[in-house]
Enquirer: 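This structure is in structure tokens; I'll ask about it shortly.
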There are 2 protein chains.
Amino acid sequence: MNEPVTRQAILPDPPAHDRVYRGLRQMVMHGEIFPGQALTLRGIGRQYGVSMTPAREALRRLTAEGALTLSASGRVTTPELSNDRIEELAQIRALLEPELASRALRRAHLALIDRMESINEANARAIHRQDPVEYIRTNLEFHRTLYLRAQSPAMLGLLETVWLQLGPTMRALYTRLRRTTAPPHHRLILEALRAGDDAALRLALRTDVTQGLRHLQA
Amino acid sequence: MNEPVTRQAILPDPPAHDRVYRGLRQMVMHGEIFPGQALTLRGIGRQYGVSMTPAREALRRLTAEGALTLSASGRVTTPELSNDRIEELAQIRALLEPELASRALRRAHLALIDRMESINEANARAIHRQDPVEYIRTNLEFHRTLYLRAQSPAMLGLLETVWLQLGPTMRALYTRLRRTTAPPHHRLILEALRAGDDAALRLALRTDVTQGLRHLQA
DNA sequence: GCATCCGATTTGTGATCACAGTTTGCAGAT
DNA sequence: ATCTGCAAACTGTGATCACAAATCGGATGC
């Protein structure tokens, strides 16, 4: 007798190291871990109910993406970025994101803009609720929803590693600042999308990315 | 009694997984491995005189950087890129490399240009000798020597993962083409550097990157 | 000739262990 | 009180193993 298949036809259950990787990656990207926090193989293994081996593979993978830093003694912590490094990562965002947005513009349709609108509302609610993790999550989802339409998987992949590196720092900055007003540039992005204005869209993204971080840093 | 220290004061000998990683990474980036070639844990372990564990960590790290692809069954091979993917990676290079060059321009001094000149000569010799690996290696070294002056480690890191992803493909394309003339744009790059002309430098890099690959692809 | 099937071999996965190095916390001395 | 030293606990590294899945080989059938 066959088990009733709830989701897909076949999903060959992901390996343990992949589950651990995904869980940790989401935590780092959404800023659920503060900068400088140390992660231990046995601790993660216990947390996910696996042995040290898959935990080690997940950490190795995340450090390769810059999501975690490796001390000289092999200890793994979430990165504490210098101001220069933060600035550089923001400049990379300012280089990649307008390009991805521009590529997506040609393929953008109304349903996409509506979806981004509703994500943006969730983002505003998260700000009002003072929920840093949910704020970061919806903000990234707003951007990613747009960039997925660019059909440039390699570029989006690079950008996501940048987001990963900034995750803990953004959380720390947000907590220190406690902003209460919504990011003003999302509306500009949506307007430029609706108008089909490439130059305005690029500019809106560049300012959203740089101003956002610069504002937090100040 | 102390052993005489030959090189540095202290070099705490790198872990096995790191040695394996470095070795494989260089092979992939320089195009010493053809696209589609499979790598096995036990095979790599034998080759480097280690067990499966460090070999697995090295492979996990390289797949995280896009240097290798992971099949559904967990088998690791060097990637066979589609034309679209090659095109996209070239566009990423065209986005990052002019920016890095521009940043380096302000800090570039004569000794740097001389060094690039001599690397370029080695590159020309490699072409004349029909040595694909040495051609790729000197070409990348030419670019990296310039970009190191940009003092933008995060951006250079991203770019290197792009180079990694292109490594095997560039080798395959080179072998299929057997070019005999030196890349013409390196001279333009050097001239723009000497003239301190930012616009010309950006353009020279953009064309070097796109033309180079497009020329190989045709 | 060409596809199919089945067994032997090879492969990745994950657990466990011993070991060396590091970190931590507490004691005693200045 | 503050610093120093030391022992106990902890941590990452790498080897080895059992196991299930995938791959490959050749023989068999059409």
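All chains are named by letter (A, B, ...) in the order of the sequence lines, taking the proteins before the strands, and each is independently numbered beginning at 1. Treat the numbers as computed from the prediction; the structure is a model and nothing was measured.
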Enquirer: Hey, are A/Glu57 and B/Arg56 close enough for a salt bridge, meaning a charged N less than 4.0 Å from a carboxylate O?
Expert: yes
Enquirer: Side chain to side chain donor-acceptor pair (under 3.5 Å) between B/Tyr21 and B/His17: does it pass, once the steps are laid out?
Expert: CA-CA 6 Å; B/Tyr21 165 77; B/His17 66 84; over 6 Å; no
Enquirer: Compare all side-chain heavy atoms of B/Gln91 with those of B/Leu95 and state whether any distance is below 4.5 angstrom.
Expert: no
Enquirer: What donor-acceptor contacts under 3.5 angstrom involve side-chain atoms of residues 152-165 of chain B, with partners at least two apart or in another chain?
Expert:
residue	atom	partner	partner atom	Å
B/Ser152	OG	B/Arg103	NH1	3.1
B/Ser152	OG	B/Ala150	O	3.2
B/Glu160	OE1	B/Arg25	NH2	2.7
B/Glu160	OE1	B/Arg144	NH1	3.0
B/Glu160	OE2	B/Arg144	NH1	2.9
B/Thr161	OG1	B/Leu158	O	2.7
B/Trp163	NE1	B/Glu97	OE2	3.1

Enquirer: Taking C-beta and beyond as the side chain, do B/Gln130 and B/Tyr174 meet within less than 4.5 Å on heavy atoms?
Expert: yes
Enquirer: How would you summarise protein contacts on nucleotides 13-23 of chain C per nucleotide, using B for base, S for sugar-phosphate only and - for none, with heavy-atom distances below 4.0 Å?
Expert: BBBB-----SS
Enquirer: Using a 4.0 Å heavy-atom cut-off across all strands, classify B/Leu59 as base, sugar-phosphate, or nothing.
Expert: nothing
